[in-house]
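This is a predicted model, so every value here is computed, not measured. All residue numbers refer to positions in the sequence shown, counting from 1.
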Amino acid sequence: MKRGYFWLAAPWALFLVLALGWVIYWNIVANTAEQRLNAWLADQQQQGASARVERIVRHGFPALLRLELRNASYAPARGGWRAETERIDLHLNLLNTEHVTLEASAPIAISRASGAVTTVTADTLIATLRTERGNLATAGVEADNLALDDPAEDGVLRVRKLVLNVRPDARTTGAYQAAFDAQALALPRPVRSFEAFGQDVAALRAAIVVHQGAALLNAAPGDPLGPWRDAGGRLTFDAIVLNWGPLETTGTGEGGLDESRRLEGSLVLPIERPAPVLTAIANGPNVNRNARTALNLLAASYVVSGDDINLDIDARDGWLRLEGLTVRPLPPVY
């Protein structure tokens, strides 16, 4: 009887021990997460940033762990921008505490030094971060029905589906690989010199290498990309897929900013039917007369020949050029 009682009671005792251990572990992870978050907030404030979370509420026991961050805001010490939201949720992987997920549960307001404010909303907006021994392994952002609205500007930027993933580039020290995929973009305004392409972009995908990517975190007030550019920051487009109006292509290129913060670089876009593309560019309202005439003649020649083309788009010395034809001047990006 005693032996039978032991084997009857042992599983329940083991279950109680495991349950108690899990309760202790869950609370240890939650306490550690809160302590690290508060330590990070304090460290950012010591470095001159503005970082604040009004209240932290725990959720998810026993299977999950979610920290609800109420009235959160962040402004880097030298970034010239500020982000704030009524609520954002921090999800932790209980089996791998170096893997965290942030989920936006309310609109995010991003204000800039100029006074402009962009409101970010989405049906789903999630950012993930995974580290290995304190170093970045992967990071990503995924959004459904994303909208960026600046009330001071015309139009709203909308994206039906957005995916962005970043990881260190093992081939180059200080570089990062970025994979970008945006489906069904609605641009807030026509793109200058490409107005005839329309404001609906069916698809935009790119495989990008960001050189000196860490320098992007050293943004300066009024010159957010200056430290990155001064550190030798450049972008290499290993592949860019664009489906926009008459343009359907997969190309390559590279780019960055010049000393005046104007675009500088080049793209090579193979195009099977170049005539409609060249005609659309020529019909843009910001194309000068000589360039319009030359582009129309070039388009007509491709109608006759039926040949394809590697369209060269070049930004250099403050000018945008297509196939060597000067189209228009390039103003500073900011």
Side-chain angles (χ1 to χ4, degrees), residues 40-41 43-52 72-85 108-120 127 129 136 139 141 146 148-155 157 162 164 166 168-169 172-178 180 182 187-189 191-193 204 206 208-237 240 253-267 286 313-321 327-334:
W40 180 81
L41 293 171
D43 179 66
Q44 289 296 304
Q45 291 169 352
Q46 289 180 356
Q47 295 182 30
S50 173
R52 175 177 174 270
S73 64
Y74 180 77
R78 297 180 298 168
W81 58 270
R82 178 184 182 86
E84 50 192 338
T85 182
I108 302 172
I110 301 177
S111 55
R112 299 180 289 281
S114 63
V117 178
T118 299
T119 301
V120 181
L129 174 67
L136 174 66
V141 175
L146 178 71
L148 281 70
D149 183 17
D150 185 344
E153 299 287 346
D154 295 333
L157 174 63
L162 173 69
L164 171 63
V166 178
D169 189 343
T172 307
T173 302
Y176 294 83
Q177 295 176 342
F180 177 85
L187 303 175
R189 293 170 295 279
V191 178
R192 189 176 179 186
S193 298
L204 173 59
I208 309 168
V209 177
V210 183
H211 300 277
Q212 303 300 327
L216 288 169
L217 301 177
N218 301 324
D223 190 13
L225 298 179
W228 173 67
R229 186 229 172 242
D230 294 340
R234 300 283 292 178
L235 301 178
T236 299
F237 296 94
I240 180 168
E254 55 83 29
L257 299 175
D258 65 13
E259 293 181 356
S260 300
R261 307 307 186 249
R262 299 170 301 194
L263 289 176
E264 180 181 67
S266 61
L267 290 175
N286 293 298
I313 302 176
D314 184 73
R316 201 82 55 188
D317 302 322
W319 290 93
L320 176 67
R321 298 178 177 86
V327 175
R328 71 170 180 90
L330 290 171
V333 174
Y334 54 86

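Residues Pro227 and Asn218 come closest through the heavy atom pair CG-O, 2.9 Å. Closest heavy-atom contact between Glu254 and Arg316: OE2-NH2, 4.0 Å. Closest approach of Ser260 to Pro332, counting heavy atoms only: O-CB, 3.5 Å. Between Glu84 and Ser73, the shortest heavy-atom contact is CB-CB, 3.7 Å. Looking at every heavy atom in both residues, Val117 comes nearest to Ala109 through CG1-CB, 4.3 Å. Residues Leu162 and Phe180 come closest through the heavy atom pair CD1-CE1, 3.4 Å.
Checked against Asp150 for a side chain to side chain contact (heavy atoms under 4.5 Å, CB included), the options Thr118, Leu157, Ile110 give a single hit: Thr118. Checked options Arg82, Gln45, Gln44; the residue passing with Ser50 is Arg82 (criterion: side chain to side chain donor-acceptor pair (under 3.5 Å)).
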- Would Val209 and Leu235 satisfy side-chain contact (heavy atoms from CB on, under 4.5 Å), going step by step from the backbone distance to the final call? CA-CA 6 Å; Val209 177; Leu235 301 178; over 6 Å; no
- Message: Before you tell me yes or no, could you show the steps for Thr236 and His211 under side chain to side chain donor-acceptor pair (under 3.5 Å), namely the whole-Å CA-CA distance, both residues' side-chain angles and the distance that decides it to 0.1 Å?
- Response: CA-CA 8 Å; Thr236 299; His211 300 277; 3.0 Å; yes
- Message: Let's go through Arg234 and Glu264 carefully: what are the C-alpha distance in whole Å and the side-chain angles of both, what is the deciding distance for side-chain contact (heavy atoms from CB on, under 4.5 Å) to 0.1 Å, and is it a yes or a no?
- Response: CA-CA 10 Å; Arg234 300 283 292 178; Glu264 180 181 67; 3.4 Å; yes
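Going from atom CH2 of Trp81 over to atom OG of Ser114 covers 14.5 Å, rounded to the nearest 0.5 Å. Expressed to the nearest 0.5 Å, how far CZ of Arg262 lies from CG of Leu320 amounts to 12.5 Å. Rounded to the nearest 0.5 Å, atoms CG (Leu217) and CH2 (Trp228) are 13.0 Å apart. For the atom pair Gln212 CD and Thr173 OG1, the distance stands at 9.5 Å (nearest 0.5 Å).
No side-chain heavy atom of Trp319 sits under 4.5 Å from any side-chain heavy atom of Asp314. Taking 4.5 Å as the limit, some side-chain heavy atom of Arg261 sits within range of a side-chain heavy atom of Arg229. Proximity of Leu136 to Leu129: side-chain heavy atoms (C-beta onward) are separated by under 4.5 Å at one or more points. Taking 4.5 Å as the limit, every side-chain heavy atom of Tyr176 sits out of range of all side-chain heavy atoms of Asp169. Side-chain contact check for Leu216 versus Leu225: some heavy-atom pair is nearer than 4.5 Å.
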